[in-house]
Q: 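One structure follows; several queries about it will come next.
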Amino acid sequence: MNRLSAILPASQVLVDVDATSKKRVFEAAGLLFENQHAIARATVTDNLFARERLGSTGLGHGVAIPHGRIKGLKNPLAAVIRLSQSIPFDAPDDEPVNLLIFLLVPEAATQRHLEILSEIAELLSDRELREKLRTEGDAAHVHGLIERWQPLKSVA
């Protein structure tokens, strides 16, 4: 099991979400975390935007990893939102984004937070998998692709 699938229940993978801007997709993520984990949606969106002001979380190739620190959160949480239409995201390659993997971590996040982000970036750097995640029609299949993915073993 990879670190992302350990914190990503199938109920937190949404496909064909109709959001026309970064603001709207962050609001959709806020609503999802509010409904699933009772975290106020404004807290989620405010933290995501605070991080985004430091620099875009868009990676390029149509994907982004918006993330934020949440006061009072005990464990990391993740969600995947795939949009029905790509949106501008200030990614390094200027490509619009349609696949977002959201990560919320405790305010005093540790090395684990960086390891999860690193693993998500590794997953998204796999071109074939990334394209499947961006096009697969069914949320359960998207979740399954993430669940079955294995990171490269570190040589430590």
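All values derive from a computational prediction rather than experimental measurement.
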Q: Report yes or no: does Thr135 contribute a side-chain atom to a donor-acceptor pair with the main-chain N or O of Glu131 at less than 3.5 Å?
A: yes
Q: Give a yes or no on whether the backbone of Pro151 and the side-chain of Glu122 come within a donor-acceptor separation of less than 3.5 Å.
A: no
Q: Got a donor-acceptor contact below 3.5 angstrom from the Arg130 side chain to the Leu124 backbone?
A: yes
Q: Donor-acceptor check, side chain of Glu52 to backbone of Thr57, threshold 3.5 angstrom: yes or no?
A: yes
Q: Parallel, tilted or perpendicular: which describes the rings of His67 and His113, with under 30° parallel and over 60° perpendicular?
A: tilted
Q: Using atom types as modelled and distance alone, determine if a side-chain donor or acceptor of Arg82 lies under 3.5 Å from a backbone N or O of Val13.
A: no
Q: Between Thr45 and Arg41 (side chain of the first, backbone of the second, donor and acceptor by atom type, cut-off under 3.5 Å), is there such a pair?
A: yes
Q: For Asp93 and His61, indicate whether the former's side chain and the latter's backbone hold a donor-acceptor pair under 3.5 Å.
A: yes
Q: I'd like to know if the side chain of Asp16 and the backbone of Ser84 have a donor-acceptor N/O pair within less than 3.5 Å.
A: no
Q: Does Arg3 reach the main-chain N or O of Ile7 with its side chain, forming a donor-acceptor pair under 3.5 Å?
A: no
Q: Which heavy atom of Ala91 sits nearest to which heavy atom of Gly60, and what is that distance?
A: CB-N, 3.9 Å
Q: Would you say Glu136 and His143 are linked by a side-chain donor-acceptor pair, where the criterion is simply a distance under 3.5 Å?
A: no
Q: Answer yes or no: is there a donor N or O on one side and an acceptor on the other, between the side chain of Gln12 and the main chain of Ala78, under 3.5 Å?
A: yes
